[in-house]
Amino acid sequence: MITLALSKGRIFDETLPLLQAAGIEVLDDPEKTRKLILATNQPDVRVVLVRATDVPTYVQYGGADLGITGLDTLIEHGNEGLYQPLDLRIAKCRVSVAVREGYDYAAAVRQGARLRVATKYVAIARDFFAAKGVHVDLIKLYGSMELAPLTGLADAIVDLVSTGNTLKANQLVEVERIMDISSRLVVNQAALKLKREPMRQIIDAFGKALEATA
Ligand code: PRP
């Protein structure tokens, strides 16, 4: 049995065409079922639905053989025990610094002010500001980062930006782009050895589907 860990939503939806290219069709709609293990048209391939941040954990410890997860999540989790063979170029977005409209971020940085930064992406934010030589106090949040500058919790946030609509709706502006994000296929190293043939088939089919759209 090959187990693929996916999260519901954008990653799941954008993975379906890749699965199709590998001849795999998921038999349930995750938005309609309460099931967490979804069968496919291939009796020896199944999909498990996990939280996006849990995908690397499932693959690292062998709860899943393969998984698809954002580069942001991977960086925060670390690469240990994971083989990362493919950039799937799906679920594209970026990690950026944003502040309240009217907040002079450039001046604060120039003056060497100590910035309070709220984020779910603590590792990415820490590395980014350290490389810039900016002193920051990081405040870990688990969601609704946009609220932090509006309530005075923080001067800035580090968050994912896709269309920019969420920032705009909350009177925030993007002031620095930290990195581009896309989803990656991650593979359990032991599973790749033990189930080499079926795993290779899936990885190669994904690779071919990507070449076709390049
Ligand atoms: C992300 C991010 C922003 C939003 C940005 O949240 O945290 O809130 O998307 O997208 P936009 O630029 O297109 O408006 P996501 O929906 O991934 O869920 P989350 O809040 O659980 O991170």
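Quick note: numbers below take in every heavy atom, side chains included, and nothing from hydrogens, waters or symmetry partners. First listed ligand is number 1; within each ligand, the first listed atom is number 1.
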### Query
Counting from 1, what ligand 1 atoms have a heavy atom of V161 closer than 4.0 Å?
12 (O)
### Query
If hydrogens are left out, which of T163, D72, I157, D159 has an atom nearest to atom 7 (O) of ligand 1, that is, the closest non-hydrogen atom?
D159
### Query
Does K208 make a cation-pi contact with F206, if we ask for NZ or CZ under 6.0 Å from the ring centre and within 45° of the axis?
no
### Query
Which atom names give the shortest non-hydrogen contact between L49 and K35, and what distance separates them?
CD1-O, 3.8 Å
### Task
Apply side chain to side chain donor-acceptor pair (under 3.5 Å) to E174 and S96, showing your working.
CA-CA 7 Å; E174 189 175 2; S96 292; 2.5 Å; yes
### Query
Would you say atom 20 (O) of ligand 1 has a protein heavy atom nearer than 4.0 Å?
no
### Query
Is the shortest distance from a Lys or Arg side-chain nitrogen in R184 or D87 to a carboxylate oxygen in the other one below 4.0 Å?
yes
### Task
Could you tell me whether atom 12 (O) of ligand 1 has at least one protein heavy atom nearer than 4.0 Å?
yes
#### Entry: Salt bridge flag under 4.0 Å for residues K195 and D65
yes
### Task
Using a strict cut-off of 4.0 Å, indicate which atoms of ligand 1 neighbour a heavy atom of G164.
11 (P), 12 (O), 13 (O)
### Task
Ignoring angles and geometry beyond distance, decide whether L160 reaches within less than 3.5 Å of ligand 1 through its nitrogen or oxygen atoms.
no
### Message
Out of the candidates V55, V186, L86, L185, only one should pair with I68 under the side chain to side chain contact (heavy atoms under 4.5 Å, CB included) rule; please name it.
### Response
L185
### Task
Ignoring hydrogens and angles, state whether a donor on the side chain of R46 or T3 is under 3.5 Å from an acceptor on the partner side chain.
yes
### Query
Charged N to carboxylate O below 4.0 Å: is that the case for K132 and E176?
yes
### Message
Heavy-atom distances under 4.0 Å decide this one: backbone, side chain, both or neither, for K120 against ligand 1?
### Response
side chain
### Message
Please work out, at 4.0 Å between heavy atoms, whether the side chain, the backbone, both, or neither of E146 comes within that distance of ligand 1.
### Response
side chain
### Task
Please verify whether a non-hydrogen atom of G143 lies at under 4.0 Å from ligand 1.
no
### Task
Consider every N or O of T166 and every N or O of ligand 1, then say whether any pair is closer than 3.5 Å.
yes
### Query
Does the N or O separation between Y121 and ligand 1 drop below 3.5 Å for any pair?
no
